[in-house]
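Remarks on the structure that follows.
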Amino acid sequence: MLVPLRVAGVTLDPRDGKAVVVLAHEPSGRSFPLWVADDDAAGIARAVSGRGQSSSTDTHGLLWAAVRSLGAAVEHVELNGALQSVVTAAVTLSDAAGPIVLAARASDAVALALRAGAPILVNEELLDQVAARLADAEARTADHGPTAAEPVQMTPAERWNALLAHLSTLPKPYEG
C-alpha cells in the first residue's frame, strides 16, 4: 500500500553536516528522513519555498521543463524500497500513450514532484521500517530531565538534531 508524504523541512545532520530532507506522513505523524547531497537539498528547499518553480537552470528544473515540453505530466513519485541503505524511487509520468515508470534517485524524484505539484508516495512497509528506527532513536535519546518533577523540554529542532545524531552513529539509514 502506498501512503502520501509531504516535505516537512530540510535540515542538517548535526554530526557531519549532511543535508537531510524530512518527509512526513501527517495522518500518522510518522517521519521519513532522507539524507541527500547539498545541491539536491538546495533544490528541494527552493521548490518547497516556491522559488525556482519555473527555472530550468538546475537539473530538476531542466527535467521538469523536458517533461512539460514532451507533453507529459508527473503523475506521482514513489519511494519504494532501500538497497544497501539507499532509498530507491520511481517517477510515474503520463502522456497520451499512457503511463511511463522511470527509476530515479529519491532526491531527484522528490524535487521533481515538488516542481510538478505531484504526490510523493512511499511504500508503507518502508515507512514502517523507518518509523521503527526513529522510534528506537527517540527512545535512546529521550531526555527525561534532571528529575521527574523538572522535565527538560526539547524544541522540535533539538529533538530532530538528537534523533539525527543517534541515527548518524549507524550506517546512513536512508540516503537518496
Side-chain angles (χ1 to χ4, degrees), residues 2-69 72-93 101-124 126-127 129-131 133-134 137 155-161 163-165 167-168 171-176:
L2 297 175
V3 296
L5 299 176
R6 72 168 184 80
V7 176
V10 179
T11 189
L12 296 176
D13 185 323
R15 293 213 34 168
D16 59 12
K18 293 210 181 222
V20 181
V21 174
V22 180
L23 302 163
H25 179 245
E26 290 182 348
S28 70
R30 293 178 289 180
S31 297
F32 192 114
L34 182 69
W35 277 256
V36 300
D38 290 345
D39 57 337
D40 294 327
I44 290 168
R46 279 192 305 274
V48 167
S49 71
R51 298 185 328 262
Q53 294 284 19
S54 61
S55 172
S56 62
T57 58
D58 64 12
T59 304
H60 308 120
L62 175 63
L63 182 55
W64 175 227
V67 168
R68 287 185 316 208
S69 295
V74 178
E75 289 296 318
H76 67 272
V77 302
E78 179 182 334
L79 307 178
N80 51 20
L83 182 60
Q84 297 177 342
S85 297
V86 176
V87 175
T88 58
V91 175
T92 300
L93 305 175
V101 179
L102 304 171
R105 293 186 318 154
S107 56
D108 290 336
V110 168
L112 182 59
L114 291 170
R115 296 229 182 196
I120 301 167
L121 306 174
V122 65
N123 177 297
E124 191 163 25
L126 179 59
L127 183 59
Q129 291 171 8
V130 173
R133 282 190 82 167
L134 285 174
T155 67
E158 290 169 331
R159 180 179 159 272
W160 266 109
N161 283 344
L163 289 173
L164 293 173
L167 289 172
S168 296
K172 286 289 185 259
Y174 304 104
E175 296 183 23

Quiz item: Between the side chain of S107 and the main-chain N/O of V36, is any donor-acceptor distance below 3.5 Å?
Solution: no
Self-check item: Closest non-hydrogen atom pair between A82 and T88, with its separation
Solution: N-OG1, 4.1 Å
Practice problem: Test V20 against V10 for side chain to side chain contact (heavy atoms under 4.5 Å, CB included), laying out the working first. | Solution: CA-CA 6 Å; V20 181; V10 179; over 6 Å; no
Quiz item: What heavy-atom pair brings N80 and A89 nearest, and what distance separates the two atoms?
Solution: OD1-N, 3.6 Å
Exercise. To the nearest 0.5 Å, tell me how far H76 NE2 sits from L93 CG.
Key: 10.0 Å
Practice problem: Report the distance from atom CG of L12 to atom CH2 of W35, rounding to the nearest 0.5 Å. | Solution: 12.0 Å
Quiz prompt | Shortest non-hydrogen separation from A90 to V101 and the atoms involved | solution = CB-CG1, 3.8 Å
Quiz prompt | Non-hydrogen atoms of A113 and P119 that approach each other most closely | solution = CB-O, 4.3 Å
Quiz item: Rounded to the nearest 0.5 Å, how far does CG of L121 lie from NE2 of H25?
Solution: 10.0 Å
Exercise. Go through V67 and V74 one step at a time and tell me if the side chain to side chain contact (heavy atoms under 4.5 Å, CB included) criterion holds.
Key: CA-CA 8 Å; V67 168; V74 178; 4.2 Å; yes
Self-check item: Nearest-0.5 Å distance, CZ of residue R46 to CG of residue L114
Solution: 12.0 Å
Exercise. Evaluate the side-chain proximity of L126 to F32: yes if any heavy-atom separation is below 4.5 Å, no if none is.
Key: yes
Self-check item: Spatial distance of atom CG (L112) from atom CG (L63) [nearest 0.5 Å]
Solution: 5.0 Å
Quiz prompt | Worked verdict on V122 versus L2 for side chain to side chain contact (heavy atoms under 4.5 Å, CB included) | solution = CA-CA 5 Å; V122 65; L2 297 175; over 6 Å; no
Quiz prompt | side chain to side chain contact (heavy atoms under 4.5 Å, CB included) between T92 and V77, intermediate numbers included | solution = CA-CA 6 Å; T92 300; V77 302; over 6 Å; no
Self-check item: Of V130, L34, V110, the residue whose pairing with V87 passes side chain to side chain contact (heavy atoms under 4.5 Å, CB included)
Solution: L34
Quiz item: Partners of A131 by side-chain contact (heavy atoms from CB on, under 4.5 Å), sequence neighbours excluded?
Solution: R30
Quiz item: About how many Å separate CZ of R115 and CG of L62, when rounded to the nearest 0.5 Å?
Solution: 10.0 Å
Quiz item: Sequence neighbours excluded, which residues qualify as side-chain contact (heavy atoms from CB on, under 4.5 Å) partners of A37?
Solution: D39, D40
Exercise. Could you pull out all residues at least two apart from N123 that satisfy side chain to side chain donor-acceptor pair (under 3.5 Å)?
Key: none
